[in-house]
Amino acid sequence: MTGVELHHGAATDVGLVREVNEDAFLVAPPVFVVADGMGGHDRGDIASAIVVEEFARLADQGYDPARGAAVVAEILGDCQARIAEYDASQRAQGAADFHAGTTAVVALLIEQSGEPKWLLANLGDSRVYRYNHGALEQVSVDHSLVQELVESGAITTADAAVHPERHVITRALGGTGSAEADYFVLPLSAAERLVLCSDGVSGMIDDAAIQHILGSADDPRDAADQMVAAAVAAGGRDNATAVVVDVVGLVAETPYDSERQRVSLEEKLGALP
């Protein structure tokens with residue numbers, strides 16, 4: 001696959017209410033993940049860690065860029081199986097009705113028709129945004145009860161932000177609900193920046209605030225830090241995690257050889273016979 005130069009930043013914070021950070025993230029170019037664990041200490045943190053471990057293995061071993069969606073589906077299936085095994089082991093030790101779970105958002109580079117593109121996948125209410133030409137757009141669609149109510153016309157988007165059941169999700173890894181992800185493909189030109197974040201960010205600061213941060217912070221590390229800091233400053237009611245990825249450009253297939261370039265120039269100038 002054609003090489004793509006990426007710059008990235010990531011930040012996470014336990015927030016001001018929770019005792020344990022159940023979020024986990026992975027920055028292993030070209031694979032990026034945010035997972036938001038559910039179920040409390042030793043449940044959500046284990047589930048989110050499993051997701052990061054499985055995708056880290058994918059990044060280490062490599063993958064066929066032409067099979068992006070199938071590869072991600074396989075890894076998510078492995079995550080689901082490991083979380084189920086963990087649940088079973090806890091119940092066998094006497095933990096009745098034990099269910100660990102986690103959301104997951106994934107971004108990785110794939111190849112279609114000989115061109116590199118972003119493949120995005122999501123399960124739950126963690127989000128993927130794209131930032132292009134100064135405008136922010138949510139790419140993923142929340143798998144949540146309030147999103148279903150919005151789509152049905154029962155409530156407005158503004159109502160969803162304060163709805164008492166806004167944290168009820170309809171898809172996740174682990175538990176008894178659906179674990180089927182949604183997939184999106186974006187040309188690299190359609191996203192100067194990608195943002196992956198847990199709802200501890202998107203639930204605390206609105207899209208306008210995220211857009212402002214992305215527009216004012218040139219370095220993705222600063223952008224991720226500022227998003228998480230803003231979420232904590234807004235109340236920090238949940239763990240907050242953000243990963244920001246910039247597409248800088250394509251990497252030349254033939255590496256630049258500075259020594260050879262110097263010799264060539266000397267030859268042209270007659271410095272060498």
Mind listing the closest non-hydrogen atom pair of Leu173 and Ala104 along with its distance? CD1-CB, 4.2 Å
Looking at Pro30 and Tyr63, what are the two nearest heavy atoms and their distance? CG-OH, 3.4 Å
Show every donor-acceptor pair shorter than 3.5 Å between a side-chain atom in residues 208-217 and any protein atom, with sequence neighbours excluded, or say none if there are none.
from, atom 1, to, atom 2, distance (Å)
Gln211, OE1, Leu136, N, 3.0
Ser216, OG, His212, O, 2.9
Ser216, OG, Ile213, O, 3.2

Can I get a per-line list of side-chain donor-acceptor pairs under 3.5 Å for residues 33-40, giving both atom names and the distance, sequence neighbours left out?
none

Donor-acceptor contact present, side-chain Glu192 to main-chain His133, <3.5 Å: yes
Mind checking the CG-CG spacing from Asp199 to Asp125? Nearest 0.5 Å is all I need. 4.0 Å
Cluster check Val27, Val228: I/L/V/M/F/W/Y, side chain < 4.5 angstrom: no
Side-chain donor/acceptor of His143 to backbone N/O of Gly124, under 3.5 Å: yes
Suppose we screen for salt bridge (charged side-chain N to carboxylate O under 4.0 Å, His left out). Which residues come up paired with Glu74, at least two apart in sequence or across chains? Arg67
Quick check on Asp60: does its CG atom have over 12 non-hydrogen neighbours (other residues, nucleotides or ligands) under 6.0 Å away? yes
Would you list the pairs meeting salt bridge (charged side-chain N to carboxylate O under 4.0 Å, His left out) in which at least one residue belongs to residues 178-188, sequence neighbours left out? Arg171-Asp182
Please tell me whether Phe32 and Val185 are part of a single hydrophobic cluster in this structure, the criterion being side-chain heavy atoms less than 4.5 Å apart. yes
Check against side chain to side chain contact (heavy atoms under 4.5 Å, CB included), Tyr183 and Val72: CA-CA 9 Å; Tyr183 297 89; Val72 172; 3.8 Å; yes
Drop me the distance from Thr102's OG1 to Ile83's CD1, to the nearest 0.5 angstrom. 6.5 Å
Are Tyr131 and Leu109 linked, directly or through other ILVMFWY residues, by side chains that come within less than 4.5 angstrom of each other? no
Taking Val128 as the starting point, is it possible to reach Met204 by hopping between hydrophobic residues whose side chains are less than 4.5 Å apart? no
Counterpart residues, ring-ring contact (aromatic ring centres under 6.0 Å, His included), relative to His99 (two or more places apart): none
Taking the side chain as everything from C-beta on, heavy atoms only, tell me whether Val195 gets closer than 4.5 Å to Met227. yes
Let me confirm one number: the CG-OG distance from Leu196 to Ser140, rounded to the nearest 0.5 Å. 8.5 Å
In short, Ala107 meets Leu120 closest at the heavy-atom pair CB-CD2, 3.5 Å
For the pair Arg127 and Asp142, evaluate salt bridge (Lys or Arg N to Asp or Glu O under 4.0 Å) and give the outcome as yes or no after the intermediate values. CA-CA 7 Å; Arg127 292 181 176 179; Asp142 294 352; 2.8 Å; yes
With a 4.5 Å limit on heavy-atom distance, are the side chains of Asn21 and Asp45 in contact? no
Restricting to salt bridge (charged side-chain N to carboxylate O under 4.0 Å, His left out), what partner residues turn up for Asp246, sequence neighbours left out? Arg193
Could I get the full list of side chain to side chain donor-acceptor pair (under 3.5 Å) partners for Thr103, not counting sequence neighbours? Ser126
With a 4.5 Å limit on heavy-atom distance, are the side chains of Leu194 and Trp118 in contact? yes
Partner residues of Asp225 under the side chain to side chain donor-acceptor pair (under 3.5 Å) criterion, sequence neighbours left out: none
Heavy-atom pair of closest approach, residues Ala240 and Ala231: CB-CB, 4.1 Å
May I ask you to say whether Glu111 pairs ionically with Lys117, meaning some side-chain N is under 4.0 Å from a carboxylate O? no
Can you measure from CD (Gln80) to CD1 (Ile50) and round to the nearest 0.5 angstrom? 10.0 Å
I'd like to check Leu188 versus Val4 (side-chain heavy atoms, cut-off strictly below 4.5 Å). Are they in contact? yes
What pairs with Asp207 under side chain to side chain donor-acceptor pair (under 3.5 Å), at least two apart in sequence or on another chain? Tyr129
Is there a path of hydrophobic side-chain contacts, each under 4.5 Å between heavy atoms of I/L/V/M/F/W/Y residues, joining Val244 to Val31? no
Do Thr241 and Val201 make a side-chain contact, defined as non-hydrogen atoms from C-beta onward lying under 4.5 Å apart? no
Is the backbone of Glu54 close enough, under 3.5 Å, to the side chain of Asp78 for a donor and an acceptor to pair up by distance? no
Would you compute the distance between atom CG of Asp23 and atom OG of Ser198 and round it to the nearest 0.5 angstrom? 4.0 Å
Counterpart residues, salt bridge (charged side-chain N to carboxylate O under 4.0 Å, His left out), relative to Glu137 (two or more places apart): Arg130
Can you tell me how far apart CG (Leu76) and CZ (Phe55) are? Round to the nearest 0.5 Å. 4.5 Å
Arg18: partners by side chain to side chain donor-acceptor pair (under 3.5 Å), with sequence neighbours left out: Asp238
Contact summary for Glu22 and Gly44, nearest pair of heavy atoms: OE1-CA, 3.0 Å
With sequence neighbours excluded, what pairs up with Tyr86 under the ring-ring contact (aromatic ring centres under 6.0 Å, His included) test? Phe98
Side-chain contact test, heavy atoms from C-beta onward, threshold under 4.5 Å: evaluate it for Asp13 versus Asn239 and give yes or no. no
Nearest heavy-atom pair of Pro65 and Ile110: which atoms, and what distance? O-CB, 3.3 Å
Quick one: are Asn122 and Phe184 in side-chain contact, heavy atoms under 4.5 Å? yes
Start with the C-alpha distance between Glu53 and Arg82, add both sets of side-chain angles, then the distance that settles side chain to side chain contact (heavy atoms under 4.5 Å, CB included), and finish with yes or no. CA-CA 11 Å; Glu53 287 172 6; Arg82 282 189 60 188; 2.8 Å; yes
CZ (Arg57) with more than 12 external heavy atoms under 6.0 Å: yes
Heavy-atom distance under 4.5 Å between the side chains of Val248 and Leu6, does that happen here? no
